[in-house]
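Here is the naming used below: chain letters follow the sequence lines, and residue numbers restart at 1 for every chain.
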There are 2 protein chains.
Amino acid sequence: MKTKQPAARIELSAIYSELRDRICLLQYAPGTRLREEQIAKEFGISRTPVREVIQKLSFAGLVTSKNGIGTIVTEMDSSKLLEIYTLRSKLATMIGELTPNDCQPEQVAAVEKLLDRARNLKDSLEIRDYWMINHEMHFIISELIGNAPLREMWDHLYFQAARFWYDVTRTDVKDVADSLHREIEDILIALRMNDIAAIGYIERNYITYGLRKIKVHYGECELTHKIRTK
Amino acid sequence: MKTKQPAARIELSAIYSELRDRICLLQYAPGTRLREEQIAKEFGISRTPVREVIQKLSFAGLVTSKNGIGTIVTEMDSSKLLEIYTLRSKLATMIGELTPNDCQPEQVAAVEKLLDRARNLKDSLEIRDYWMINHEMHFIISELIGNAPLREMWDHLYFQAARFWYDVTRTDVKDVADSLHREIEDILIALRMNDIAAIGYIERNYITYGLRKIKVHYGECELTHKIRTK
DNA sequence: AAAATTGATTTTGTATACAGCTTGATTAAA
DNA sequence: TTTAATCAAGCTGTATACAAAATCAATTTT
C-alpha cells in the first residue's frame with residue numbers, strides 16, 4: 001500500500017497565479033533569480049510546463065529570461081511606472097463609455113464585505129490585508145468592464161504596477177488604508193445605483209491620487225532612476 | 001565537402017512574424033489547423049521552440065491550441081470585432097495626449113513614399129499592396145506613440161483585427177484604396193507640422209469609417225454570428 | 001603582483017521520446 | 001440495415017537528456 005497518494009496534478013494556471021502573486025507581493029522581489037528546476041520540483045512537474053508558465057509571466061512583464069543567466073524578476077524605472085499610471089487613469093474613464101456590464105447583487109454584497117475588511121484594516125494596518133482587499137477590489141471592477149480587450153489591458157496594467165504600488169504603501173500604511181476605505185465607500189455608492197461610469201471616474205481619481213504618492217515616494221528628481229525594492 | 005551549408009538558425013521572432021503575417025494575410029484562414037511538426041520541419045527546428053512561438057501567437061489571440069485536436073487559427077464574432085474597433089478609436093485619441101514622440105525626418109520621408117505607393121494602388125488595385133502599405137503605415141504611427149504600454153496595446157489590437165478588416169477590403173478595393181490614399185495625405189500634413197495629436201484624431205476618424213464598412217459588410221443583423229473567412 | 005585565460009559550474013535553450021486526449025473509421029452486435 | 005463500441009491514427013502535452021551560454025574562481029602567464 002502506498003503511503004503517498006500521487007499528488008493530484010495542479011493546473012498550470014494555478015501555478016501561474018501563485019507565482020504572479022508571489023511577485024506582486026514582493027515575496028520574489030525585483031532582481032530575484034528564479035530557477036526553473038526549483039519551481040518544477042516544488043510543484044512536482046518537469047521543466048517543460050514550468051517554462052510555459054514562465055513565458056506567460058514574461059508576457060505579463062513580470063520576469064525576463066536570459067540564456068546562461070536565469071529568470072529574473074523585472075525591475076522598473078519610475079518613468080515607466082508613470083506611463084502605466086497615466087494610461088490607467090485614462091482607461092478608467094472608458095469603463096463607463098464602452099458598454100459596461102450591469103452589476104450583479106453578489107457584487108454589491110462582495111463590496112460590502114470588502115468595506116468591512118477595509119474598516120478593520122484601519123485598525124490592524126496589516127499590509128498584507130491591504131493588498132488582498134485591493135486585489136479583490138480590482139477583480140470586481142474588472143468584471144464590470146464590458147469591453148473584453150479593455151478588460152484584458154486593465155488587468156495587464158494592474159499586475160505590472162501592483163508590486164511597486166505595494167512598495168509605496170508600506171511607508172504610510174495608515175494613509176493608504178484610509179484612502180482605500182474611502183475608495184470602497186465611493187464605489188459602493190455608485191455600484192448600488194448601477195452607475196458603472198461613475199466607478200470608472202472614481203477609479204480615475206484614486207489612480208491619480210496614487211500617482212501623486214508614487215512621485216513623492218520615489219522623488220520627482222529621481223524620475224530616471226531605477227526603482228529597486230530592498 | 002558538404003553540398004549543403006548547415007542553414008543559419010533563424011530567429012524565433014522572425015518565425016513569429018512570418019506566421020503572424022500569414023495569418024493576417026489570410027494565407028492561414030480562420031479555422032485552419034496548424035501542425036507543430038510541419039512548422040518545425042519547414043524552419044528546420046524541433047517542436048519545442050515552435051511551441052514557444054505558437055504560445056506567443058496564442059497570446060496575440062491569433063490561434064488556440066487544444067490537446068488532441070490541434071492548433072487552430074482563431075475565428076471571430078462580429079461583436080468582438082466591434083469591441084476592438086471601438087476601443088481602438090478611443091485609444092487613438094490618447095496618442096497625442098500621452099507624451100507622443102517627436103516625428104523624425106525619416107518618418108516624413110517614409111510616409112511620402114507610402115503616399116506614392118497608395119497613389120499607384122488606386123490604379124493597380126492590388127489587394128496585397130494595400131495590406132503592405134497599411135501595415136507599414138501602422139508601424140510608423142506606432143513609433144509616434146510615446147507611452148510604451150499604449151503602443152503595445154495599439155499593436156496588439158491592430159494584429160487582432162487586421163485580417164478581418166483585410167477580408168472586408170476585398171469586396172470594394174477601389175473604395176478602400178481611395179480611403180487609404182486620403183488617410184495618408186491627411187497624416188502627412190499633420191506629420192510635417194509634428195502635430196502628433198492630430199494624427200491620433202485622424203486615426204480615430206478612419207477607424208470609425210472602417211467600423212462602418214465592417215458593419216455593412218457583415219450586416220448589422222448578423223452581429224451575433226461568427227465571422228468565418230472562406 | 002597583476003592581469004588574462006582557461007575551466008568548472010550553473011542556468012536557460014533545444015531535441016526527442018513518450019503519454020494523454022480526440023476524432024473518425026471499422027467492425028461487431030442488435 | 002442501423003447502431004454502438006472498439007481500435008487506430010494523429011495531434012498536443014510532458015518528461016528528460018543534451019547543447020549552448022554566462023559567470024566565477026582558480027591557475028597560468030606576463
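- If you take CD of A:E37 and C1' of D:dC18, they are 13 Å apart, rounded to a whole angstrom.
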Q) Can you list the steps and then say if A:Y28 with A:L19 is a side chain to side chain contact (heavy atoms under 4.5 Å, CB included)? A) CA-CA 9 Å; A:Y28 294 156; A:L19 294 180; 4.0 Å; yes
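- A cation-pi arrangement is not found for B:R163 relative to B:Y166, the charged atom failing to lie both closer than 6.0 Å to the ring centre and inside a 45° cone about the ring normal.
- Heavy atoms of B:I72 sit nowhere under 4.0 angstrom from any nucleic acid atom.
- Along DNA chain D, the nucleotide closest to B:R33 and the one closest to A:G44 are compared, and the more 5′ of them pairs with B:R33.
- One can place CD of A:E52 at 14 Å from P of C:dG13, the figure rounded to the nearest angstrom.
- At distances below 3.5 Å, at least one donor-acceptor pair connects side-chain atoms of B:E83 with backbone N or O atoms of A:A148.
- Judged by distance alone with a 3.5 Å cut-off, no donor-acceptor contact links the side chain of B:N67 to the base of D:dG13.
- Dashed line: the shortest gap from a side-chain N or O of B:T71 to OP1 or OP2 of D:dC11 is not under 4.0 Å.
- The residue B:R47 sits close to a base: some heavy atom pair falls under 4.0 Å.
- The interatomic distance linking B:I45 (CD1) with C:dT16 (P) rounds to 12 Å, in whole Å.
- Among the protein residues, B:I54 comes within range of no part of the nucleic acid, since none of its heavy atoms lies under 4.0 Å from any strand.
- Across all strands, A:R35 comes closer than 4.0 Å only to sugar-phosphate atoms, never to a base (heavy-atom distances).
- Both cation-pi conditions hold for B:R88 and B:Y85: the charged atom is under 6.0 angstrom from the six-membered ring centre and inside a 45 degree cone around its axis.
- Distance B:L12 CG to C:dT12 P: 17 Å, rounded to the nearest Å.
- Where A:P49 and B:K66 each meet DNA chain D at their nearest nucleotide, the meeting point lying more 5' is that of B:K66.
- At whole-Å resolution of the value, CZ in A:F43 and C1' in D:dT14 are 17 Å apart.
- Each of D:dT12, D:dA22, C:dT11 was ranked by its minimum atom distance to the side chain of A:I69; first place goes to D:dA22.
- Residue B:R51 places none of its side-chain N or O atoms closer than 4.0 Å to OP1 or OP2 of D:dT12.
- Geometrically, A:R20 engages A:F159 in a cation-pi contact, judged by NZ or CZ lying under 6.0 Å from the ring centre and within 45° of the ring axis.
- For the pair A:E36 CD and D:dA15 C1', the computed distance is 14 Å after rounding to whole Å.
- Side-chain atoms of A:T48 and base atoms of D:dT16 include a donor and an acceptor less than 3.5 Å apart.
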